[in-house]
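The sequence lines fix the lettering, A, B, ..., with proteins before strands; numbering per chain opens at 1.
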Amino acid sequence: MTEKQRNFIQRIIDEDNISGKFDQRVHTRFPPEPNGHLHIGHAKAICLNFNIAGEYGGKCNLRFDDTNPVAEEEEYVNAIQDDVAWLGYDWEDRLCFASDYFEQMHALAIQLVEQGDSFVCDLTSDEIRATKGTLTEPGKNSPYRKRSVADNLDLFARMTAGEFSNGERTLRAKIDMAHPNLNMRDPVMYRIIHASHHRTSDKWCVYPTYDWAHGLEDSIEGVTHSLCSIEFEDHRPLYDWYLEKLGVYHPQQIEFARLNLDFTVMSKRKLKQLVDEEHVTGWDDPRMPTISGMRRRGYTAAAIRKFMAEVGVAKRDNVMELAKLEYHLRQDLNKHAERRMAVLHPLKVVITNYSAEATETLTAVNNPEDAAAGVREISFGRELYIEQNDFMEDPPKKFFRLAPGREVRLRYAYFITCEKVLKDDQGNPVELHCTYDPETKGGNAPDGRKVKATLHWVHTQGAVQAKVHLYDRLFAVPDPDSTDNFLEAMNPLSLDILSGCMLERSLADVPAGTTVQFERLGYFCADSDTTNDSPVFNRTVPLRDSWARIGKK
RNA sequence: UGGGGUGUCGUCUAACGGUAGGACACCGGGUUUUGGUCCCGGCAGUCGGGGUUCGACUCCCUGCGCCCCAGCCA
């Protein structure tokens, strides 16, 4: 039953396949503009388009909608390809660029001029706006609307040849200045931009607008279902108008609601501002909702895809909870990430009845969820580090961990009992003296006695010192977009840089990009800045922490 | 205000005239050498008002809310 649940797009395609509208073909495309990096919202469109094509045995193109040279850069073209590939999708030989069709589009524009369906307009940008009308009042015809076909052809040729300066003239469709849909009030098809394009260089100085170009791109590529976000619904009549007037192959545009996430912003403009004004370290800052940022943070493509599968596809506005994304992340990492021990805020422990000379090797399980991950050896000795917050001198009722006189288990090692607390001038514990029970090696007491807590720890000898970046949500409020200035809604605690963290020996040389679980703490990913001398780990996501929740109550 | 779209648990999303279901979140319990995972249970919804119908989330009328559009951005 659940498998039969089809979203509205699948239903439309099912019907088209029954009617034979597209000869049972399914061909989609993901059409980013290379003017920024992809974010988690784009991932929804990517998954949707590629998955739909996959389900129906169809194809999905990766197409760069590069119609505006002033905003676009090759760096983005490359970054976008990396991101789509990392998400696990393959466009095979269908890497497309709108700019590859500029010649064809230009010829089709001339066809429209010849048909009397478009004209060269000398109005300035301001004048066009002034004659556009308003939401409630119709616009006025351009005085140039009645130009002869011959004049239009001549002028358009001269525009193309570079005789005019930026904004001096446009080519406009001749539709209806009184149309209730503003997009139909003689929209601009070509504008003059004397700028070098990242692919066509200085070949063109007239560039097609989105509305004119997009349907043509879809048509040229033989796309069947052109999936886009909901704000283009108003543009569909224009999409259809162009293709009908031209009499060319006509794909079906279908609009769906884009993804929103709480505690973040998703507009490219705002993300770019965060980067440009250095509120973050770059597009791939692990706090960014960009694909590259999430990748650096340690998110997995599998988790993102699973999340998208569950998000669903509909037309109503939606804001997904970050919690749901994190659920799928933990779900995936729990299954696949190996466990390691690391102490972020070290507190020294001396086992007073353990020999000062001796060390021993213990066996630890790499992943309790995956026997195939095997085991590893860890070193144990007289001096260890445990987590500062695993000890309380005067513990509240529900605190199970170490306290004076209390016995706990050191994971995979021994039971220890806290005998003495050494403190600094301010009264903070700086060192604990404990005793261990040699009978409890491995973590079980032969007499069957139980402890209420198991702590992670690291042997001081051979411990690897590391830097750890603790990330939290970039914004302090669920909907930063609704604030007057979204920058003021930023979370000042979104990054906590810890140094002097102590890692178990086996973490010494892990390559960047490796994600492990630091037991009892969370999932951590070796950052791209990591080196063998100085490892840097990013906290991808903490483990669920019911103790912390008790604390909040 | 003209046009377009959209209203189902806190958040997403199903049900397409026939018992309003699932996931996350939240709450409670069990297992546990991670206060993790896993398992069990609970909480909670059809925007309002009319109508059609044996029966309405679904169809009709009406009201209300929210989103998008007045770039030579996409």
Side-chain angles (χ1 to χ4, degrees), chain A residues 1-2 4-7 11 31-33 35 65 67-68 70-71 121 123-125 128-129 132-139 166-172 179-185 187-193 206-207 209-211 213-214 228-237 255 257 259 262 268-269 307 310-328 330-331 334-335 339 341 364-365 368-369 398-401 409-413 415 442-444 450-456 478 517-522 542-550:
Chain A
M1 155 147 174
T2 39
K4 290 254 170 67
Q5 287 179 1
R6 322 230 70 204
N7 65 48
R11 282 180 192 174
E33 185 191 13
N35 66 346
D65 204 1
T67 57
N68 185 2
V70 296
C121 183
L123 258 25
T124 64
S125 178
I128 288 182
R129 192 180 317 118
K132 189 116 187 172
T134 67
L135 294 180
T136 49
E137 304 154 44
N166 285 356
E168 199 175 333
R169 278 175 231 265
T170 56
L171 185 72
R172 291 225 261 167
H179 201 109
N181 179 345
L182 266 41
N183 294 126
M184 301 297 272
R185 318 242 262 225
V188 170
M189 295 164 57
Y190 275 94
R191 62 304 206 189
I192 298 170
I193 304 175
V206 290
Y207 290 93
T209 55
Y210 169 86
D211 285 307
H214 206 88
C228 63
S229 46
I230 216 92
E231 67 267 28
F232 291 105
E233 207 146 19
D234 279 349
H235 294 245
R236 192 172 66 225
E255 310 83 13
L259 173 80
D262 58 6
K268 260 194 216 174
R269 198 207 98 225
F307 171 72
E310 215 177 86
V311 158
V313 182
K315 296 188 75 159
R316 66 184 91 94
D317 288 347
N318 64 86
V319 183
M320 293 303 299
E321 287 176 333
L322 199 58
K324 188 145 186 161
L325 215 205
E326 291 184 338
Y327 167 81
H328 287 287
R330 291 193 184 101
Q331 199 76 9
N334 177 52
K335 280 279 186 298
R339 315 287 127 122
M341 292 204 284
V365 173
E369 306 294 320
K398 288 183 175 160
F399 186 84
F400 301 153
R401 282 109 94 145
R409 171 169 38 233
L410 293 181
R411 181 144 226 223
Y412 299 123
F415 285 10
N444 283 306
K450 302 287 183 200
V451 288
K452 291 183 88 172
T454 300
L455 308 188
H456 62 278
Q517 181 194 104
F518 289 171
E519 293 222 30
R520 303 209 304 134
L521 297 175
L543 253 28
R544 291 188 61 192
D545 186 350
S546 50
W547 164 240
R549 251 176 286 148
I550 291 167

Could you give the CD-to-P distance, from A:Glu519 to B:U37, as a whole number of Å?
13 Å
So what does [X] touch, heavy atoms closer than 4.0 Å: a base, only the sugar-phosphate, or nothing?
| X | result |
| --- | --- |
| A:Glu321 | base |
| A:Tyr190 | nothing |
| A:Arg339 | base |
| A:Val319 | sugar-phosphate |
| A:Glu233 | sugar-phosphate |
| A:Asn444 | base |
| A:Phe232 | base |
| A:Lys398 | base |
| A:Phe307 | nothing |
| A:Leu322 | nothing |
| A:Leu521 | nothing |

Ignoring hydrogens and angles, are the base of [N] and the side chain of [X] linked by a donor-acceptor pair under 3.5 Å?
| X | N | value |
| --- | --- | --- |
| A:Lys324 | B:A23 | yes |
| A:Glu231 | B:G4 | no |
| A:His235 | B:A74 | yes |
| A:Asp234 | B:G3 | yes |

The side chain of [X] is closest to which nucleotide in this list: [options]?
| X | options | answer |
| --- | --- | --- |
| A:Asp317 | B:C67, B:G2, B:C24 | B:C67 |
| A:Asn318 | B:A14, B:G3, B:C12 | B:C12 |
| A:Leu182 | B:C68, B:A70, B:G36 | B:A70 |
| A:Arg401 | B:C68, B:A23, B:G35 | B:G35 |
| A:Asn68 | B:A25, B:C73, B:U13 | B:C73 |
| A:Lys132 | B:C73, B:C72, B:U37 | B:C72 |
| A:Tyr210 | B:A74, B:G3, B:U34 | B:A74 |
| A:Leu135 | B:U1, B:A74, B:G5 | B:U1 |

Is the distance from OP1 or OP2 of [N] to the nearest side-chain N or O of [X] less than 4.0 Å?
| X | N | answer |
| --- | --- | --- |
| A:Arg520 | B:U37 | no |
| A:Ser546 | B:G36 | yes |
| A:Arg549 | B:C27 | yes |
| A:Arg129 | B:G71 | yes |
| A:Thr67 | B:A74 | yes |
| A:Arg191 | B:A74 | yes |
| A:Arg316 | B:A14 | yes |
| A:Arg544 | B:G36 | no |
| A:Tyr327 | B:C24 | yes |
| A:Gln331 | B:C38 | yes |

What integer number of Å spans the C1' atoms of B:C67 and B:A25?
25 Å
Could you work out the separation of B:U58 and B:U8 based on their P atoms and round it to a whole Å?
13 Å
Reference residue A:Val188; test side-chain contact (heavy atoms from CB on, under 4.5 Å); the match among A:Thr209, A:Leu123, A:Asp211
A:Thr209
Once base and sugar-phosphate atoms are separated, protein heavy atoms under 4.0 Å mark nucleotides 41-48 of chain B, 5' to 3', with B, S and - as --------
Answer yes or no as to whether B:G35 has its base stacked against A:Trp547, where stacking requires a ring-centre separation under 5.5 angstrom and planes under 30 degrees apart.
yes
Identified pairing partner of B:G65, criterion: Watson-Crick or G-U wobble below 3.5 Å
B:U6
By the rule that syn is within 90° of 0, classify the base conformation of B:G51 as syn or anti.
anti
Partner set under salt bridge (charged side-chain N to carboxylate O under 4.0 Å, His left out) for A:Arg330, not counting sequence neighbours:
none
With a 3.5 Å distance limit and no angle check, can you tell me whether A:Asp262 reaches the backbone of A:Val319 through a side-chain donor-acceptor pair?
no
Test: A:Lys268 and A:Glu33 ion pair at under 4.0 Å
no
